[in-house]
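Letters A, B, ... mirror the listed sequences (proteins, then strands); counts begin at 1.
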Number of protein chains: 2
Amino acid sequence: MNNELRLKEKYFVEEVGLFFEQSGMPRMAGRILGWLLLSDPPHQSLDELAEALMASKGSISTTTRLLIQVGLIERISLPGVRRDYFRIRPGAFQHSLKQGVERVTILRKLAERGLELLEGKAPLTRQGLEEMRDMYVFFEREYPALLERWEQRRREKQATSEITR
Amino acid sequence: MNNELRLKEKYFVEEVGLFFEQSGMPRMAGRILGWLLLSDPPHQSLDELAEALMASKGSISTTTRLLIQVGLIERISLPGVRRDYFRIRPGAFQHSLKQGVERVTILRKLAERGLELLEGKAPLTRQGLEEMRDMYVFFEREYPALLERWEQRRREKQATSEITR
DNA sequence: TTGTATATTTTGTCAACACTGAATATACTG
DNA sequence: CAGTATATTCAGTGTTGACAAAATATACAA
């Protein structure tokens, strides 16, 4: 009964791990995030993480630093308690989508640099890079607007819940 | 003079390679794509790629297969010519953005699975996953709509250029 | 069929990297 | 200050994966 739930939690954690790995991050980063999403309370110490994930403290220490650096978790310390805790950073996922915007910018710039190299070439030769540039120019503008719309909606929801409270 | 251009092309190719590597793909995949973006004509044979990128044919063969599989390039064969050629697939970048939608879906589903595991828990505990789910539900709907708008615009542009022609 | 051009698969090597466990550093408590 | 709890760093290990080079397969031509 309780064991079954535990097992499902482990599966969940492993799957988040696999997703992260597929995204070019250490699998352990995904495991930590997955576990922090489930854990009650939502903040967990280094030792707790190490035990829950059956990993070494060194590994957790390194990977939490990475996760903090990319803005997905944060370190919190409670007054009078030596131990540090980690928790999902509020707005973590929004933050990660925002980083996608930067990737779009990189690609737009790459396309432009490529076109400079093809200065004076036949339109058919330039076509691929032009398509690429046009597309990323479009998304570089529209994607942040979409994020803005989400934040807007979120703020409204927040306000509603505060009234209800 | 011409040499300088060649050098800049190499830099460009390497940078696309690095970008791909950072995205969890083999660097060679990025190099091939980068080179195909610049090359005149836009289609290149396996041998040509191997020579231009100073890589083994085996490496090119494996990596082109990968690139075809993810939909970024395609193989073309000309009648009466033994050699096969590769070129950027028209709409390649659009296609790659579409794959982003699938990733959003995966994350939305993961969030929902996580919430099932937290059935009956305190709202504060569920909060992180609820934020995650709400957000990806939003983007799962809006992101394809954005892509649709781009395709729309693209079709218009296409039509214009055909009139001009 | 034999020979030739082309493509794929395979085997081996090397480098990168996540991870562990131990050693070290840091910070708090009495 | 000594002692203890906690966190970080470091050295070593194993695995993974990209890549090269060679062997094999496939398709075409004479």
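In terms of phosphate contacts, B/Arg65 brings no side-chain nitrogen or oxygen within less than 4.0 Å of OP1 or OP2 of C/dA7. Here A/Ser59 reaches the OP1 or OP2 of C/dT20: one of its side-chain N or O atoms lies under 4.0 Å away.
With values rounded to the nearest 0.5 angstrom, B/Leu146 atom CG is found 9.0 Å from B/Leu97 atom CG.
Rounded to an integer number of Å, the gap from B/Leu67 CG to C/dT8 C1' is 16 Å. Taking atom NZ on A/Lys57 and atom C1' on C/dG21, their separation rounds to 11 Å, with Å as the unit. Summarising the geometry, the separation between CG on A/Leu18 and C1' on C/dA18 is reported as 14 Å, rounded to the nearest angstrom. Between the C1' atom of C/dT9 and the CG atom of B/Leu66 lies a distance of 16 Å, rounded to the nearest Å. Rounded to an integer number of Å, the gap from A/Met28 CE to C/dC17 C1' is 13 Å. In this structure, CD1 of A/Ile32 is placed 9 Å from P of C/dC19, rounded to the nearest angstrom. Atom CZ of A/Arg27 is separated from atom C1' of C/dC19 by 12 Å (rounded to the nearest Å).
Within the 4.0 angstrom heavy-atom criterion, no nucleotide atom of any strand lies near A/Met25.
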One pair to check against side chain to side chain contact (heavy atoms under 4.5 Å, CB included): A/Glu51 and A/Asp47. What are the steps and the verdict?
CA-CA 6 Å; A/Glu51 195 197 330; A/Asp47 282 4; over 6 Å; no
Evaluate the side chain to side chain contact (heavy atoms under 4.5 Å, CB included) criterion for residues B/Asp84 and B/Ile76: first the C-alpha distance (whole Å), next the side-chain angles of each, then the deciding distance (0.1 Å), finally the verdict.
CA-CA 6 Å; B/Asp84 278 2; B/Ile76 56 177; over 6 Å; no
Please evaluate residues B/Leu38 and A/Leu129 with respect to the criterion side chain to side chain contact (heavy atoms under 4.5 Å, CB included), reporting the C-alpha separation (whole Å), side-chain torsions for both, the decisive distance (0.1 Å), and the verdict.
CA-CA 8 Å; B/Leu38 294 183; A/Leu129 275 168; 4.0 Å; yes
Any chance you could lay out the side chain to side chain contact (heavy atoms under 4.5 Å, CB included) test for B/Glu48 and B/Tyr85, step after step, and finish with the verdict?
CA-CA 9 Å; B/Glu48 287 169 336; B/Tyr85 291 91; 4.0 Å; yes
All N/O pairs under 3.5 Å across the protein-nucleotides 26-30 of chain C interface:
unit_1, atom_1, unit_2, atom_2, d
C/dC28, O2, A/Arg82, NH2, 3.2
C/dT29, O4', A/Arg82, NH2, 3.0

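Proximity of B/Trp150 to A/Met135: side-chain heavy atoms (C-beta onward) are separated by under 4.5 Å at one or more points. Between A/Glu9 and A/Trp35, the closest side-chain pair of non-hydrogen atoms falls below 4.5 Å.
No side-chain donor-acceptor contact under 3.5 Å links A/Ser61 to the backbone of A/Lys57.
Remark: of the listed residues A/His43, A/Arg89, A/Arg87, A/Arg87 is the sole one forming a side-chain hydrogen bond (donor to acceptor under 3.5 Å, both in side chains) with A/Glu74.
Counting 5' to 3', DNA chain D first comes under 4.0 angstrom of a heavy atom of chain B and last does so at the ends given by D/dA18 to D/dA29.
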